[in-house]
Novice: 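Submitted below is the structure of interest, expressed as structure tokens.
Remember, predicted model here, so these are calculated numbers, not experimental data. Read the numbers this way: they start at 1 and go in the same order the structure lists the ligands and their atoms.
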Amino acid sequence: MLKCSLHDGNTLPPVGLGVWQASNREVESAVDCAFGHGYRLIDTASIYENEAGVGRALKNSGLPREAFYITTKLWNTDQMRVQQALEESLTKLQLDHVDLYLIHWPAPSQGYFVDAWKGLLAAKEQGLVKSVGVSNFQPEHIQRLQQETGITPVVNQIELHPLLSQPELVDWCQKENIAVQAWSPLAQGGAGVFNSKTVSTLSRGYGKTPAQIVLRWHLQRNVCVIPKSVTPERIRENIDIYDFSLSKQDMKAMDALNENRRLGPHPDTFVNV
Ligand code: NAD
């Protein structure tokens with residue numbers, strides 16, 4: 001999988017740089033480093049409060065607009081003010097459009113996500129975003145969007161890592177032609193994944209780092225990834241995952257690490273930080 005085709009005719013780079021919990025200053029050098037190693041996609045969000053740093057990095061890169069792919073997200077408390085929230089993001093990013101705009105969480109108890117979706121569709125009509133998608137949506141949330149607007153999101157960005165592999169949700173999205181993108185693909189660098197027996201053994205066997213084994217497992221499930229790092233060596237390593245493939249048996253061994261263990265909140269109940 002070198003590029004992921006979206007059902008709106010656009011494509012999504014399979015590996016991007018996540019920038020949650022990175023300061024504006026850290027983001028500037030991380031983005032610069034990532035571009036140097038062949039990344040095109042940067043994944044930010046208004047709630048990360050680092051869109052301005054991403055914007056400065058884009059400007060300083062001197063790259064033409066079509067050379068990079070920017071995702072940002074609509075925060076929960078902005079679901080009734082999509083147009084203004086998007087304009088604020090674009091101003092900080094110093095862009096006239098983003099490539100992918102996501103509803104960050106359904107926050108179903110607010111009762112606004114269908115209206116928010118209509119706002120995203122309007123923004124797409126206006127050319128302010130190229131593709132529109134969702135994050136942390138369960139099938140029933142997506143079905144409501146489909147019923148009320150007839151339009152299916154192109155991407156669902158969800159928590160996915162070896163401890164939470166969500167096979168049913170991944171299958172459901174893929175059958176609906178929705179590209180699945182993993183957040184916290186490395187289980188946030190902890191939770192015992194890297195030093196588990198399975199990952200350590202595969203790491204030695206393939207001569208790849210534990211992070212590379214985990215990211216390769218995602219790609220072979222047809223899941224796109226946005227690992228976060230601000231460390232140059234890790235940024236390089238996290239996209240250097242195209243020169244090997246895990247055998248069927250080793251994919252199964254990775255699948256067996258699933259513990260249905262979330263590191264983040266549950267999409268049915270999460271509303272605000
Ligand atoms: P992640 O799984 O990408 O883990 C990042 C951490 O792993 C780093 O801070 C570092 O400690 C470690 N790490 C990174 N590369 C490594 C390497 N090569 N070797 C060893 N350790 C390494 O976690 P994340 O930041 O939570 O998720 C990635 C991105 O997903 C975020 O930055 C953000 O862009 C996005 N995200 C989205 C949502 C959402 O609700 N849509 C939620 C969380 C994160």
Novice: Thr209: heavy atom below 4.0 Å from ligand 1, yes or no?
Specialist: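 No, that is not the case, since the closest heavy atom of the residue is not under 4.0 Å from the ligand.
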
Novice: Taking non-hydrogen atoms only, is Pro185 closer than 4.0 angstrom to ligand 1 via side chain, backbone, both or neither?
Specialist: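 For Pro185, the contact with ligand 1 is made by both the backbone and the side chain.
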
Novice: Give the atoms of ligand 1, by number and element, whose distance to some non-hydrogen atom of Ser135 is under 4.0 Å.
Specialist: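 Near Ser135, meaning under 4.0 Å from one of its heavy atoms, ligand 1 has 39 (C), 40 (O), 41 (N).
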
Novice: So that I can tick it off, tell me whether Arg144 and Glu148 are bridged by a salt bridge, with the cut-off set at under 4.0 angstrom between side-chain N and carboxylate O.
Specialist: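 Salt bridge present between Glu148 and Arg144.
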
Novice: Among all protein heavy atoms, pick out the one at the shortest distance from atom 11 (O) of ligand 1; state its residue, atom name and that distance to 0.1 Å.
Specialist: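 Scanning the protein heavy atoms, the shortest distance from atom 11 (O) of ligand 1 goes to Arg234 NH1, 3.8 Å.
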
Novice: Give the numbers and elements of all ligand 1 atoms closer than 4.0 Å to a heavy atom of Ile226.
Specialist: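 Answer for ligand 1: 28 (C), 29 (C), 30 (O), 35 (C).
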
Novice: Assign the ring pair Trp105 / Trp183 to parallel, tilted or perpendicular, where the plane angle (0 to 90°) is split at 30° and 60°.
Specialist: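 Trp105 vs Trp183 ring planes: perpendicular.
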
Novice: Check for me whether Gly264 has a heavy atom closer than 4.0 Å to any atom of ligand 1.
Specialist: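 In this structure, Gly264 fails to qualify as a contact of ligand 1 - no heavy atom is under 4.0 Å.
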
Novice: If you have a sec, work out which protein heavy atom is nearest atom 31 (C) of ligand 1 and how many Å separate them, to one decimal?
Specialist: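 The closest heavy atom on the protein side is Trp20 CB, 3.5 Å.
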
Novice: Could you tell me the residue and atom name of the protein heavy atom closest to atom 3 (O) of ligand 1, and the distance to it rounded to 0.1 Å?
Specialist: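 The closest heavy atom on the protein side is Lys228 N, 2.9 Å.
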
Novice: Based purely on interatomic distance, does Asp43 place a nitrogen or oxygen under 3.5 Å from a nitrogen or oxygen of ligand 1?
Specialist: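 Yes.
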
Novice: Do Lys130 and Asp8 sit within salt-bridge range, that is, some charged N less than 4.0 Å from a carboxylate O?
Specialist: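 No, this pair does not count.
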
Novice: Between Phe137 and Phe113, does the ring centre distance come in under 6.0 Å?
Specialist: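 Between Phe137 and Phe113, the centre distance is under 6.0 Å.
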
Novice: Asn238 to ligand 1: N or O pair under 3.5 Å?
Specialist: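 N/O-N/O distance below 3.5 Å exists for this pair.
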
Novice: I need the single residue from Thr72, Thr44, Thr91 that forms a side-chain hydrogen bond (donor to acceptor under 3.5 Å, both in side chains) with Glu51. Which is it?
Specialist: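 For Glu51, the side-chain hydrogen bond (donor to acceptor under 3.5 Å, both in side chains) check succeeds only for Thr72.
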
Novice: Only heavy atoms of Tyr48, strictly under 4.0 Å: list the atoms of ligand 1 that pass.
Specialist: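 In order of numbering, the contacting atoms are 33 (C), 34 (O), 35 (C), 36 (N), 37 (C), 38 (C), 44 (C).
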
Novice: Checking the N or O distance criterion of under 3.5 Å, is ligand 1 in contact with Leu186?
Specialist: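 Yes: some nitrogen or oxygen of Leu186 is under 3.5 Å from one in ligand 1.
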
Novice: Quick test: of every protein heavy atom, which one is nearest to atom 40 (O) of ligand 1, and how far off is it to 0.1 Å?
Specialist: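 Here the closest protein heavy atom is Asn136 ND2, 2.9 Å.
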
Novice: Starting from atom 4 (O) of ligand 1, what is the nearest protein heavy atom, named by residue and atom, and what distance separates them?
Specialist: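 Going atom by atom, the protein heavy atom closest to atom 4 (O) of ligand 1 ends up being Gln188 CA, 3.2 Å.
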
Novice: Between Arg234 and Glu237, is the closest basic N to carboxylate O distance under 4.0 Å?
Specialist: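 Result for this pair is no, no salt bridge flagged.
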
Novice: What atoms of ligand 1 come closer than 4.0 angstrom to any heavy atom of Ala211?
Specialist: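 Those of ligand 1 that fall under 4.0 Å from Ala211 are 17 (C), 18 (N), 19 (N).
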
Novice: Do me a favour and list the nearest non-hydrogen protein atom to atom 23 (O) of ligand 1 with residue, atom name and distance?
Specialist: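 Going atom by atom, the protein heavy atom closest to atom 23 (O) of ligand 1 ends up being Ser184 CA, 3.5 Å.
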
Novice: Do Arg262 and Gln166 pass the side chain to side chain contact (heavy atoms under 4.5 Å, CB included) test, and can you show the C-alpha distance, the side-chain angles, and the key distance before you say yes or no?
Specialist: CA-CA 10 Å; Arg262 283 183 193 278; Gln166 309 210 62; 3.9 Å; yes

